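Scroll down for the structure; my scribbles are underneath it.
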There are 2 protein chains.
Amino acid sequence: MHPFEFPLDLPARGSRQRLHALHAQLRAAILDGRLKSGLRLPATRELALALGLSRNTVVAAYERLFSEGYLEARRGAGNFVATLGAPRVPPPDSGSADRRLAAPWRGLAVPMQAAMVPGACDFRLGIPDQRAFPFDVWRRLSMRAWRTAARLPPMYDAPQGRPALREAIARHVAFARAVACGPDDVIVTQGAQQAFDLLARVLVTPGRTVVAVEDPGYPPVREAFAAAGASVVGVPVDDEGLVVERLPAQARVVYVTPSHQFPLGVAMSPPRRAALLDFARAHGATVIEDDYDSEFRYGQRPLEALQTLDRAGSVCYVGTFSKCLFPSLRLGYAVAPAWLQPALAHARRLADGFGDPVAQETLAAFIAEGHLARHVRRMRRLYAQRRERLLEALHRHSDGRMDVWPSGAGLHLAARLPRDIDAGGVAARAAQQGIQLEALDGYALDRPGPNGLAFGYGRVEEGGIEEAVRRIARLLG
Amino acid sequence: MHPFEFPLDLPARGSRQRLHALHAQLRAAILDGRLKSGLRLPATRELALALGLSRNTVVAAYERLFSEGYLEARRGAGNFVATLGAPRVPPPDSGSADRRLAAPWRGLAVPMQAAMVPGACDFRLGIPDQRAFPFDVWRRLSMRAWRTAARLPPMYDAPQGRPALREAIARHVAFARAVACGPDDVIVTQGAQQAFDLLARVLVTPGRTVVAVEDPGYPPVREAFAAAGASVVGVPVDDEGLVVERLPAQARVVYVTPSHQFPLGVAMSPPRRAALLDFARAHGATVIEDDYDSEFRYGQRPLEALQTLDRAGSVCYVGTFSKCLFPSLRLGYAVAPAWLQPALAHARRLADGFGDPVAQETLAAFIAEGHLARHVRRMRRLYAQRRERLLEALHRHSDGRMDVWPSGAGLHLAARLPRDIDAGGVAARAAQQGIQLEALDGYALDRPGPNGLAFGYGRVEEGGIEEAVRRIARLLG
């Protein structure tokens with residue numbers, strides 16, 4: 001393409017006429033909105049070249065547009081179409097426009113990002129510390145993967161993911177988590193969220209399927225199931241994890257975080273694990289086991305994964321590299337029973353075709369060469385120290401008013417507050433002091449959530465923990 | 001994580017007892033399937049280190065397992081769990097297992113990749129030639145993006161994509177295609193397929209929404225809409241593109257490829273474009289304009305995009321970098337009217353969270369520094385030569401039996417065959433001679449497709465075209 005193929009009809013010759021035509025047609029395009037306000041115009045040299053004009057002609061046309069207020073310059077950034085009065089398309093009254101959307105998608109606002117508070121003491125959940133990540137190693141492996149890719153014929157890849165990564169993930173989960181699987185059981189996804197979304201597509205019959213989730217629990221998963229047309233039911237959680245006897249008999253999908261409940265942090269007890277697998281067998285239900293951060297374990301050996309205990313092909317295990325490496329990697333995976341595998345592969349083919357092969361080959365090499373194991377080992381020591389410091393501080397300062405749920409893994413823990421203290425208010429006042437932390441009620445679904453606070457220690461500076469907790473304790477009044 | 005945390009209980013001391021315990025517990029794990037056949041065991045050194053055993057103990061345990069047939073060695077590849085008789089989980093009879101899947105997802109097989117026939121003359125559709133791609137530039141920009149990413153705090157990014165890429169895409173389509181948009185109108189997707197899938201999610205009410213597609217047309221899009229619960233209706237295509245007067249009045253979504261119809265290659269005529277926009281306005285329908293390969297144009301200036309002509313916010317424009325760069329990049333985008341933007345952003349947030357920021361920053365720099373424009377210019381010259389050669393050869397050898405549809409853009413063209421010649425049979429016999437080409441009937445939906453062949457010239461060697469066409473012509477008998 002030319003850098004500029006905006007339709008323009010310019011006289012063959014005569015710089016005066018050509019200047020006039022160029023100016024008039026650009027102005028018309030700006031007025032009727034084909035060139036929108038805020039758009040940067042090509043550099044005069046670039047445009048002159050593309051249109052076979054002298055640069056002076058283009059400069060003159062731009063200057064006219066400036067003088068008329070159609071363009072504005074931003075220092076060092078170039079020439080931009082100015083903001084004029086009314087936009088071309090009168091925004092269709094959102095009512096009528098919205099009616100073109102399927103009901104669940106109407107009346108939404110563009111999602112906002114949680115702002116990073118500079119210099120804040122950051123207790124938010126699910127954010128790892130990537131400062132210790134060996135980016136140099138990653139870049140080297142990435143370069144190698146790009147060199148290989150450059151030699152391959154262009155291709156539309158398999159939706160399940162690159163064989164090398166599926167093999168590496170199978171070994172990783174088989175040996176790190178005793179999850180029983182081979183490469184064919186693994187489907188690579190765009191973060192764990194895509195695994196949940198693909199499962200929602202293939203397991204949910206809109207308006208019919210009942211999906212049980214932990215309450216309190218992880219909102220993006222229940223939102224994905226609701227968007228797929230499921231009726232999502234919250235099931236309470238106690239110190240042993242999901243209260244299995246409270247599962248509705250109609251539930252055909254059960255989403256759980258047995259290693260480290262999100263957000264309370266408790267582990268599901270062995271009896272509950274057995275009961276959940278019995279429920280799944282008895283009702284032909286599928287259990288989705290979200291093992292999002294259990295690489296980080298402190299103290300005793302972990303309980304076996306549900307997938308390991310399952311003998312009926314009822315469990316789909318989902319893992320992610322967002323916590324043990326970092327979120328912007330966008331790589332997760334599902335270890336699925338045989339009957340689920342073709343459906344998940346087809347669902348991914350329709351969802352986005354297939355994943356980025358270079359990123360997948362890079363991660364495969366990173367795992368195969370032992371960098372993943374090394375990095376997790378290093379980070380676990382770091383997180384263990386922060387966790388210790390946090391537990392000490394909570395014990396020392398809370399005066400018994402912050403009662404920590406038992407938790408032996410992951411990147412966060414949670415503490416219960418007395419009924420009469422408003423956790424949301426505490427979090428809000430803490431934010432004013434530059435302390436980012438979350439109240440548990442934000443994770444509740446069908447019932448008032450436990451009254452408490454969640455403390456992520458993935459990002460927080462160890463040195464700042466004690467003082468932050470002291471301040472939070474003071475906010476309890 | 002240790003490289004090996006498979007649950008093992010080993011006596012504190014006594015190498016003989018520890019050897020016995022290690023061997024017995026590994027064997028048990030293999031027998032009950034927790035260690036699956038085909039899985040590679042850790043190297044003896046690695047395992048000894050992880051378990052605090054002498055390496056000799058591990059070697060001895062492995063040797064016993066070998067002698068008993070539980071392990072097998074593959075030259076240079078390590079020690080693998082051997083294939084034993086019955087798998088642990090009797091594969092649930094697929095009927096009952098399948099009933100756990102939503103109806104559209106039952107009875108599928110794992111999708112297969114189209115095999116590359118080595119040394120074949122490759123006329124398949126939609127595959128660009130990436131041998132001329134400046135991978136060195138890409139690697140450099142990618143390295144720069146990684147260095148920047150390493151300095152940023154870990155984050156969960158915005159679902160709409162990186163601001164720099166949305167800005168670069170807005171300029172690209174505004175100037176290259178006269179599409180009226182600013183950065184806020186752009187949502188970056190994981191290839192164009194994700195854009196279609198997100199649109200299907202937010203525009204389709206399962207069991208209610210009628211979606212009209214071109215027939216013949218692009219299967220993955222209609223499959224995505226069908227999977228979302230739409231009733232998909234095929235509308236015929238002629239030399240002027242979609243036959244708009246044949247659109248069912250109930251259609252609320254219309255998918256078209258106006259620049260270069262897939263697979264026939266024709267451009268939608270101006271009257272048809274106007275008629276389609278009238279239809280959309282009159283029925284409150286949304287038009288999805290798939291502009292997948294129109295960067296490559298030969299001859300006259302392109303017709304304006306539907307999005308450019310639209311004055312009612314009815315058109316969502318979808319583009320991709322799979323054709324002008326290469327497919328494994330997995331980057332596409334939608335330019336959406338304001339009323340669609342929040343829904344698409346939320347749909348992506350639930351689908352997979354957000355895209356890979358490093359890949360997006362790399363592409364943003366690649367576009368901003370003019371490499372995209374340069375590459376497309378270079379490739380257009382190359383493709384134009386192949387196209388010329390192909391048209392000449394078809395004219396010279398077809399004897400009037402291969403009637404090419406008019407086509408001024410893209411990476412492929414199509415030719416009609418006489419009724420009495422079986423296009424599928426010709427393609428099959430051509431494959432036996434190492435010529436990969438596709439019969440058009442594979443793209444038909446509700447009606448017998450036009451009888452003909454499609455010729456992609458993205459991958460084919462210019463030198464091989466004439467001979468290949470001569471052979472194909474001979475196959476017409």
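Just so it is clear, the structure is predicted and the values come from calculations on it, not from any experiment. Below, each value reflects all heavy atoms present in this structure, side chains not excepted, and no hydrogens, waters or symmetry copies. Letters A, B, ... mirror the listed sequences (proteins, then strands); counts begin at 1.
- Residue B/D185 touches chain A through its side chain alone, counting heavy-atom pairs closer than 4.5 Å.
- For B/L203, the parts lying near chain A are the backbone and the side chain together; criterion is any non-hydrogen pair under 4.5 Å.
- In this structure, the portion of B/A285 lying under 4.5 Å from any heavy atom of chain A is its backbone and not its side chain.
- Chain B forms more heavy-atom pairs under 4.5 Å with one residue of A/A109, A/G191, A/S322, A/G284 than with any other, namely A/A109.
- At a 4.5 Å heavy-atom cutoff, A/C324 makes no contact with chain B through either its backbone or its side chain.
- With rounding to the nearest 0.5 Å, the separation of CH2 in B/W339 from CZ in A/R99 is 12.0 Å.
- A/A226 is linked by a side chain to side chain contact (heavy atoms under 4.5 Å, CB included) to A/V232, counting only residues two or more places apart in sequence or in another chain.
- For chain A, the option among B/P104, B/G107, B/C181 with the highest count of heavy-atom pairs below 4.5 Å is B/C181.
- Contacts of B/F354 with chain A are made by both backbone and side-chain atoms, with heavy-atom separations under 4.5 Å.
- Heavy atoms closer than 4.5 Å to chain A are found in the backbone of B/L152, but not in its side chain.
- We find the CZ-OG distance between A/R139 and B/S142 to be 10.0 Å, quoted to the nearest 0.5 Å.
- Side-chain contact check for B/Q193 versus A/R349: every heavy-atom pair is 4.5 Å or farther apart.
- The side-chain heavy atoms of B/L101 and A/L340, taken from C-beta on, include a pair separated by under 4.5 Å.
- Of all the heavy atoms in B/H346 and A/V110, the pair that sits closest is NE2-C, 4.4 Å.
- With a 4.5 Å cut-off on non-hydrogen atoms, B/R147 touches chain A through its backbone and its side chain both.
- In this structure, A/D356 CG and B/L331 CG are separated by 8.0 Å, a value rounded to the nearest 0.5 Å.
- Ranked by heavy-atom pairs under 4.5 Å with chain B, the list A/Q130, A/R330, A/E223 is led by A/R330.
- Only the side chain of A/P206 comes within less than 4.5 Å of a heavy atom in chain B; its backbone stays farther off.
- Of all non-hydrogen atoms in B/L39 and A/F175, the two that sit nearest each other are CD2-CZ, 4.1 Å.
- Two residues are said to be in side-chain contact when any heavy atoms from C-beta on lie closer than 4.5 Å; A/L350 and B/F196 fail this criterion.
- Rounding to the nearest 0.5 angstrom, the gap separating the OG1 atom in A/T189 from the CG atom in B/D352 is 9.0 Å.
- For the pair A/R100/B/R252, no side-chain contact is recorded, criterion being any heavy-atom separation below 4.5 Å from C-beta on.
- For a residue to count as touching a neighbouring chain, one of its non-hydrogen atoms must lie under 4.5 Å from one of that chain's; by this rule B/A150 touches chain A with backbone and side chain alike.
- Only the side chain of B/T286 comes within less than 4.5 Å of a heavy atom in chain A; its backbone stays farther off.
- The aromatic rings of B/W146 and A/F326 lie perpendicular to each other, with more than 60° between the two planes, well past the 30° mark.
- With sequence neighbours left out, A/A347 forms a side chain to side chain contact (heavy atoms under 4.5 Å, CB included) with A/L198, A/R201, A/V202, B/W105.
- To the nearest 0.5 Å, the span separating CD on A/Q194 from CD on B/Q190 amounts to 7.5 Å.
- Your options are B/A102, B/P337, B/G207, and the one with the most heavy-atom pairs under 4.5 Å with chain A is B/A102.
- Of the listed residues (A/A228, A/A343, A/A149), the greatest number of heavy-atom pairs within a distance under 4.5 Å of chain B belongs to A/A343.
- Your options are B/G182, B/A351, B/P220, and the one with the most heavy-atom pairs under 4.5 Å with chain A is B/A351.
- Side chain of B/R171 to backbone of A/R40: a donor-acceptor contact under 3.5 angstrom is found.
- Taking chain A as the reference chain and counting heavy-atom pairs below 4.5 Å, the highest number among B/A224, B/S328, B/A195 is found for B/S328.
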